[in-house]
Amino acid sequence: LAETSGPVTQSSGGLSWAVHLHSPEGEWEEENLARQANAVAQAAGLVNAGRIGELQGHFLFVQPAGHREAAEAEAMRQQAEAVLAEHAAVRWHSEQRLLKRAKR
Amino acid sequence: SIHFNDPKFPQQWHLNNRRSPGRDINVTGVWERNVTGRGVTVVVVDDGVEHTIQDIAPNYCPEGSYDLNSNDPDPMPHPDTENGNHHGTRCAGEIAAVPNNSFCAVGVAYGSRIAGIRVLDGPLTDSMEAVAFNKHYQINDIYSCSWGPDDDGKTVDGPHQLGKAALQHGVMAGRQGFGSIFVVASGNGGQHNDNCNYDGYANSIYTVTIGAVDEEGRMPFYAEECASMLAVTFSGGDKMLRSIVTTDWDLQKGTGCTEGHTGTSAAAPLAAGMIALMLQVRPCLTWRDVQHIIVFTATQYEDRRADWLTNEAGFSHSHQHGFGLLNAWRLVNAAKIWTSVPYLASYVSPVLKENKAIPQSPRSLEVLWNVSRMDLDMSGLKTLEHVAVTVSISHPRRGSLELTLFCPSGMMSLIGAPRSMDSDPNGFNDWTFSTVRCWGERARGIYRLVVRDVGDEPLQVGVLQRWQLTLYGSVWSPIDIRDRQRLLEGAMSGKYLHDGFALPCPPGLKIPEEDGYVLTPNTLKMLVLVGCFTVFWTVYYMLELYLSQRNMASSPGCRSGPCHWPPQSRRPREEGTELESVPLCNSKAADSTEMENGGPSRTSERRTPDLLHEGDWSLAQNKRALDGPHQHPPPDLLQGKEDQIC
């Protein structure tokens with residue numbers, strides 16, 4: 001629960017993808033986008049963890065909780081990659097990796 | 001005339017240098033005129049801010065803060081094994097340490113509010129960084145970031161897609177539409193020949209890139225050169241020179257005060273503090289106004305090693321010091337009279353496919369692109385601000401490459417400096433370099449990109465595959481720029497720096513922060529707990545009710561006829577509530593109560609229904625158990641029920 005409260009800031013340590021959806025025109029954009037995000041996440045076997053900060057149309061999809069063998073996780077990664085790459089609603093997606101940042 | 005009782009204020013040479021007059025940020029005159037950053041919020045994006053410390057607490061802004069590492073609203077730093085998470089607190093102290101509290105030090109903008117976003121103390125991803133850059137962006141005016149990719153002289157990195165989108169969103173929608181101000185440190189890779197054009201945060205057009213100089217005004221050993229550096233301010237130098245005195249955390253070995261803050265980390269917050277002073281006198285400055293004022297007011301000064309070059313617009317820039325030293329007096333007086341620059345105009349060339357070999361030094365590959373008047377008609381772009389070049393180059397040792405850009409005026413910018421440590425064999429793949437050295441110059445004309453291979457490989461091995469030129473600027477003409485320069489010089493006397501003078505300032509847009517009501521994990525956990533507790537007791541109570549009903553149905557008194565109920569009001573009641581409302585006190589108690597009330601008891605009937613049998617007795621027992629220690633004598637089930645419970 002803690003991980004998915006409100007707009008997401010961090011995945012729970014598993015695989016995660018940042019996804020930018022095509023924005024449907026018209027009313028209730030936010031609603032449509034959220035619904036669509038859930039559908040795309042589900043299709044990719046992931047969980048929609050919410051919008052990324054203030055960036056409209058940008059969502060974080062995370063791996064459903066639970067421990068997996070490496071092989072299974074890899075299979076899941078490939079499946080998710082394939083679905084997100086093909087999905088018509090996805091404008092852009094990128095698997096989240098740890099950034100190396102240093103204090104100056 | 002400024003006197004603070006803060007014990008370390010006299011050592012804060014960067015604020016007021018008594019030992020070498022002039023070697024400071026020239027801020028006391030601004031303070032004397034009550035310009036202290038009031039009404040402005042600066043957020044330190046770092047490893048946390050110990051906001052409980054005396055020097056910070058009064059200025060702390062919880063509404064602008066957040067902890068992205070723990071996902072809760074409190075950015076308090078967490079002590080770690082290396083005693084390392086004091087960085088953010090030190091930066092915060094430089095900006096807004098409270099004066100005259102007899103504690104430690106004073107901040108540049110000691111009247112401003114300081115917030116913290118804790119993001120560096122744990123795994124960091126693009127999405128977290130994007131959240132950080134826009135967190136509470138209608139409350140936080142300035143984001144001070146004293147961090148970046150490794151300064152190891154071989155890293156080429158910066159904000160990725162999400163981070164770039166967040167920076168762009170911040171300058172478009174942040175701060176009521178005037179644009180968040182992102183201040184970044186240029187980097188500490190000096191010893192590794194690093195250059196901040198290999199750092200996408202430093203060479204972004206959306207950030208104010210600040211370098212460091214020591215107390216003698218020289219480029220310290222750790223500082224990096226960079227064509228996209230806007231300006232420098234003070235920080236520590238080598239061992240013989242003083243570092244920055246600021247507030248410190250008091251966790252672990254911390255004492256709440258330090259005299260050892262240094263690096264470009266210490267310079268960026270000072271710049272953020274000075275920008276806060278500017279925003280107090282003129283809140284409606286846009287993110288580009290702030291950059292322009294820095295360019296127009298930073299001061300060139302004598303430094304033999306600095307390659308100062310004056311461009312066609314009269315601005316002097318050096319790869320070591322940017323447009324020069326930040327000067328709080330000049331910045332604030334310029335801000336006071338500044339009217340907004342025209343909208344940002346840009347021009348993007350086609351992708352220029354070259355696929356040309358890069359010869360070994362001293363020969364070089366030169367490619368040109370002519371930007372014609374017609375090319376610029378659409379955007380109206382006349383004079384330059386940032387010039388960016390995106391290149392793709394293959395080369396087995398990336399650090400051997402040197403890229404130089406010449407603007408139409410002939411102004412040279414070393415945008416890709418050779419790096420002896422960088423042996424990466426992958427070359428550049430659409431990496432964007434930028435320069436600010438042509439600021440204010442005419443945009444039209446021929447741009448020349450010169451690529452050299454300064455490595456010692458025998459054969460020429462590098463290939464320039466493609467490049468693209470992007471110009472950012474405005475419709476300002478060179479004359480407009482000269483006029484503005486004159487106007488500013490006329491304000492440097494301070495004659496406008498009083499409350500009686502104020503140019504009109506639009507209020508900005510009401511932009512709702514998108515993130516809805518966010519339940520913090522603690523709140524969520526509490527709700528879950530309460531929910532579980534409620535469910536448990538409901539189930540228990542239903543069970544209790546059911547069992548007592550069942551017992552009642554099976555007890556003899558009821559089997560042989562209607563149950564004797566105490567005379568109650570005739571109103572029909574639901575079955576269940578009778579039991580709930582049945583008093584557990586016996587008739588005597590009830591009688592005595594009535595006697596106290598003066599009225600004879602109308603009935604001697606037992607007020608306690610004869611349902612206190614085995615099962616119900618447990619109810620009585622429970623009642624007694626709840627009543628605690630004073631235990632009634634164990635009731636005899638058959639006799640004297642009225643002596644039972646009360």
Side-chain angles (χ1 to χ4, degrees), chain A residues 1-23 28-34 37 41 46-63 65 77 80 84-85 90-104, chain B residues 46-47 66 68-69 71 84 87-88 119-120 122-135 137 146-152 155 157 160-163 165-166 169-170 173-174 184-188 222 263-266 268 513-525 528:
Chain A
L1 276 171
E3 257 63 50
T4 57
S5 64
V8 183
T9 59
Q10 66 199 32
S11 58
S12 49
L15 299 176
S16 61
W17 279 262
V19 178
H20 186 192
L21 299 180
H22 289 294
S23 299
W28 312 120
E29 237 170 53
E30 202 57 42
E31 299 295 321
N32 293 345
L33 280 169
L46 302 170
V47 173
N48 173 22
R51 192 188 54 255
I52 296 174
E54 303 296 338
L55 298 179
Q56 199 179 48
H58 292 75
F59 293 88
L60 187 70
F61 294 169
V62 299
Q63 209 176 16
R77 174 206 300 266
L84 294 176
V90 174
R91 176 187 295 190
W92 164 86
H93 73 284
S94 159
E95 185 180 353
Q96 293 297 281
R97 299 186 187 285
L98 294 187
L99 300 176
K100 204 155 175 281
R101 296 294 177 256
K103 302 170 194 172
R104 291 177 161 170
Chain B
D46 209 292
D47 56 13
Y66 200 79
L68 292 174
N69 291 126
N71 207 7
H87 196 252
V119 71
L120 295 184
L124 175 62
T125 60
D126 288 332
S127 55
M128 287 174 70
E129 181 183 86
V131 173
F133 283 149
N134 296 155
K135 196 67 186 172
Y137 68 155
S146 289
W147 49 270
D150 271 347
D151 296 322
D152 54 9
T155 297
D157 198 3
H160 304 142
Q161 188 98 358
L162 278 179
H169 186 64
V184 299
S186 63
N188 294 348
Y222 55 78
T264 49
S265 277
E513 291 222 18
E514 294 278 310
D515 54 0
Y517 177 65
V518 177
L519 289 177
T520 61
N522 295 342
T523 316
L524 264 181
K525 288 168 190 163
V528 167

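This one's a predicted model, so the numbers in the text were calculated from it and none came from an experiment. Labels below follow one simple rule: chain letters A, B, ... track the order of the sequence lines, proteins then strands, and each chain is numbered from 1.
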Does the side chain of Thr125(B) reach to within under 4.5 Å of the side chain of Leu98(A), using non-hydrogen atoms? yes
What's the spacing between His169(B) NE2 and His58(A) NE2 if we round to 0.5 Å? 10.0 Å
Option that, when pairs with chain A are counted at under 4.5 Å, heavy atom only, ranks first among Ala173(B), Gly148(B), Ala132(B): Gly148(B)
Under the 3.5 angstrom rule, does the side chain of Glu54(A) hit a backbone N or O of Ala166(B) as a donor-acceptor pair? no
Out of Asp46(B), Asn134(B), Val119(B), which one racks up the most heavy-atom pairs below 4.5 Å with chain A? Asn134(B)
Closest approach of Ile52(A) to Ser127(B) (non-hydrogen atoms, all atoms of both residues): CG2-O, 3.7 Å
Distance from Asp157(B) atom CG to Lys100(A) atom NZ, nearest 0.5 Å? 10.0 Å
Which region of Leu120(B), side chain (C-beta onward) or backbone (N, CA, C, O), has a non-hydrogen atom less than 4.5 Å from a non-hydrogen atom of chain A, or is it both or neither? side chain
Mind checking the CZ-CG spacing from Arg104(A) to Asp150(B)? Nearest 0.5 Å is all I need. 9.0 Å
For Thr155(B), is it the side chain, the backbone, both or neither that has a heavy atom under 4.5 Å from a heavy atom of chain A? neither
Just wondering, do Gln161(B) and His20(A) contact through their side chains at under 4.5 Å, heavy atoms? no
Drop me the distance from Glu95(A)'s CD to Asp126(B)'s CG, to the nearest 0.5 angstrom. 11.0 Å
CG of Asp47(B) to NZ of Lys103(A), rounded to nearest 0.5 Å, is 3.5 Å
Checking Asp151(B) against chain A: side chain, backbone, both or neither under 4.5 Å from a heavy atom? side chain
Can you name the nearest heavy-atom pair linking Leu55(A) to Ala130(B), along with the distance? CD1-CB, 4.0 Å
Indicate yes or no: at least one non-hydrogen side-chain atom of Leu99(A) is less than 4.5 angstrom from one of His160(B). yes
